[in-house]
Amino acid sequence: MKNALKEKLARGEKPLGTFVSTGSAAVVECLGCTGLDFVILDNEHSPIEAETTATLVRAAECRGLTPLARVREISRPAILKLLDVGVQGLIIPDVRGVEDARRIICYAKYAPLGQRGFCPSRKDAWGTADLGPVPQAMSYFNSQTLLIPQCETAEALAEIEAITALPGVDGIFIGPFDLSISLGIPGEFENPAFRAALERILAACRRAGKPCLIFAGDGTAAAHRFSQGFDAVAMGQDATLLISGVRQQIAACRG
Ligand code: 3PY
Ligand code: MG
């Protein structure tokens with residue numbers, strides 16, 4: 001399946017998504033009725049595992065949302081399972097430098113970029129997706145699957161130019177909470193050191209010709225990030241959007 005998010009990023013359309021932490025296929029389907037472009041099925045900060053991720057991918061696909069997943073850890077099985085259930089991109093947390101990024105590419109991209117293991121699975125309709133001979137299918141998935149390490153540690157920031165330059169890295173996702181904590185300024189998103197870090201990451205992505213994505217808590221914060229030049233924003237998570245939507249309606253009712 002063509003990666004619609006990748007195409008939107010290439011056209012500079014500023015796609016907007018959200019994290020999914022509830023594990024509910026019905027919620028993902030509802031999100032697909034809102035105008036969002038993508039969801040990140042969160043296997044790091046929620047109870048969601050690969051089996052639930054497969055169900056959520058189906059829900060996203062049925063409403064035209066691009067399904068990405070955030071992996072629980074940098075390991076071969078964690079990465080392979082999520083790719084094989086058909087997510088169209090991986091967000092990788094807690095990257096500590098260029099060596100971690102190389103390991104991620106090794107697990108997530110087929111040869112010659114990496115050493116991803118091949119097995120007919122949901123991602124290629126169990127071998128019935130007419131993708132041609134194996135080398136052609138490998139190159140198709142290498143080009144379609146977005147591999148996006150997070151920059152959320154001081155160690156990754158220190159090597160961000162080398163990370164973004166790696167063939168196989170398709171973009172960077174900034175985790176503002178963990179990055180600020182790692183820089184010793186927890187939650188200080190207007191601190192000059194934090195702002196300088198964002199500028200450095202943005203500049204490295206620009207130089208490499210790769211998109212720079214970031215998390216933002218709500219729509220206002222997301223608009224601010226777009227105005228700063230970020231290419232895509234993950235706005236909150238399904239749970240927080242649900243809470244704020246219901247609170248708004250209660251306020252509208254009760255004043
Ligand atoms: C962070 O802010 O650390 C994130 O990873 C956002 O999800
Ligand atoms: Mg984080």
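If you read the sequence from its start, that first residue is 1, and numbering goes on from there. Atoms within each ligand, like the ligands themselves, are counted from 1 in listed order. Heavy atoms only: backbone and side chains are in, while hydrogens, waters and symmetry mates are out.
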Atom pair CZ (Arg96) and CD1 (Ile74), whose distance is rounded to the nearest 0.5 Å: 9.0 Å
Per-atom contacts of ligand 1 with [X], taking only distances under 4.0 Å to non-hydrogen atoms:
X      : result
Asp178 : 1 (C), 2 (O), 3 (O)
Phe19  : 7 (O)
Arg70  : 4 (C), 5 (O), 6 (C), 7 (O)
Glu152 : 1 (C), 3 (O), 4 (C), 5 (O)
Gly175 : 1 (C), 2 (O), 3 (O), 4 (C), 5 (O)

Please find the N/O/S atom of Glu152 nearest to the Mg ion (ligand 2) and write down its name. OE1
Heteroatom of Asp178 nearest to the Mg ion (ligand 2) (N, O or S, atom name): OD2
Any non-hydrogen side-chain atom of Arg225 less than 4.5 Å from a side-chain atom of Phe215? no
Please check if any side-chain donor atom of Gln150 sits under 3.5 Å from a side-chain acceptor atom of Arg70, or the reverse. yes
Side chains of Thr66 and Asp37: any donor to acceptor distance under 3.5 Å? no
Donor-acceptor pair, Ser182 side chain versus Ala154 backbone, under 3.5 Å? yes
Take a 6.0 Å sphere around NZ of Lys81 and say whether it holds more than 12 heavy atoms from other residues, nucleotides or ligands. no
Measure His45 to ligand 1 on non-hydrogen atoms and call it side chain, backbone, both or neither using the 4.0 Å cut-off. neither
Examine the proximity of ligand 1 to Phe177 and report which part, side chain or backbone, both or neither, has a heavy atom under 4.0 Å away. both
For ligand 1, is there an N or O atom under 3.5 Å from any N or O atom of Phe215? no
For Glu44, is at least one N or O under 3.5 Å away from an N or O on ligand 1? no
Return yes when Pro93 approaches ligand 1 closer than 4.0 angstrom through a heavy atom, no otherwise. no
So is Lys123 actually on top of Tyr110's ring, under 6.0 Å and inside 45° of the axis? no
So, do Phe177 and Phe189 have ring centers that fall under 6.0 Å from each other? yes
